[in-house]
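Atom set for the values below is all heavy atoms of this structure, side chains included, hydrogens, waters and symmetry mates excluded.
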Amino acid sequence: METFKDVISGDQLVLVDFFATWCQPCKMMHPILEQVKEVLGDRIRIIKVDVDKYGVTASQYGIQSVPTLMLFRQGEVLWRTSGVVQKSELLATIDPFLRQM
């Protein structure tokens, strides 16, 4: 079984959504992430991490508010933000990292 560390340590760009099921802004983020995935397809991997189920992982990355989005490649944090991010802003943020591949 693939671990969180396995996923973020690869060469592929990985967008991690740290969320909670009770969080209203997190629910707003879900369709935005689906739209981003539609646009970028296999060029990015998007995973969701429930902070209530995976509290140890969330605390390792200092997650204090949800949603928190983090972009990883080869285990390195490339970008991080908290709160709802609109599709256009998210695509604009991710684009330079895709060009580095």
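Separation of atoms CE (Met70) and CD1 (Ile47) is listed at 11.0 Å; rounding is to 0.5 Å.
Both Ile63 and Val49 sit in one connected hydrophobic cluster of ILVMFWY residues. Membership requires side-chain heavy atoms under 4.5 Å apart, directly or through other members. Both Val39 and Leu71 belong to a common hydrophobic cluster when Ile, Leu, Val, Met, Phe, Trp and Tyr are linked at side-chain heavy-atom distances under 4.5 angstrom.
Residues Leu98 and Leu13 are in side-chain contact: their nearest non-hydrogen atoms beyond the backbone lie under 4.5 Å apart. Phe72 is not listed as a side-chain neighbour of Leu15, based on a closest heavy-atom distance of 4.5 Å or more.
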Donor-acceptor contacts, no H, no angles, side chain residues 19-37, under 3.5 Å, sequence neighbours left out:
from	atom 1	to	atom 2	distance (Å)
Trp22	NE1	Asp52	OD2	2.7
His30	NE2	Glu34	OE2	3.0
Lys37	NZ	Gly41	O	2.8
Lys37	NZ	Ile44	O	2.7

Below 3.5 Å, can you tabulate the donor-acceptor pairs from side chains in residues 85-92 to any protein atom, sequence neighbours excluded?
none

Side-chain polar contacts of residues 75-82 - donor-acceptor pairs under 3.5 angstrom, sequence neighbours left out - could you list them?
from	atom 1	to	atom 2	distance (Å)
Arg80	NH1	Tyr61	O	2.7
Arg80	NH2	Tyr61	O	3.1
Arg80	NH2	Gly62	O	3.0
Ser82	OG	Ser65	OG	3.4
Ser82	OG	Thr68	OG1	3.0

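Using modelled atom types, one side-chain atom of Arg73 and one backbone atom of Phe97 make a donor-acceptor pair closer than 3.5 Å.
Evaluation of the salt bridge (charged side-chain N to carboxylate O under 4.0 Å, His left out) test over residues 14-26, restricted to residues two or more places apart or in two chains, returns Asp17-Lys48.
Among residues two or more places apart in sequence or in another chain, the side chain to side chain donor-acceptor pair (under 3.5 Å) test is passed with Asp42 by none. Residues passing the side chain to side chain contact (heavy atoms under 4.5 Å, CB included) test with Glu38: none are found, sequence neighbours excluded.
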Checklist entry - side chain to side chain contact (heavy atoms under 4.5 Å, CB included) between Phe18 and Leu69: does it pass, once the steps are laid out? => result CA-CA 6 Å; Phe18 288 94; Leu69 300 175; over 6 Å; no

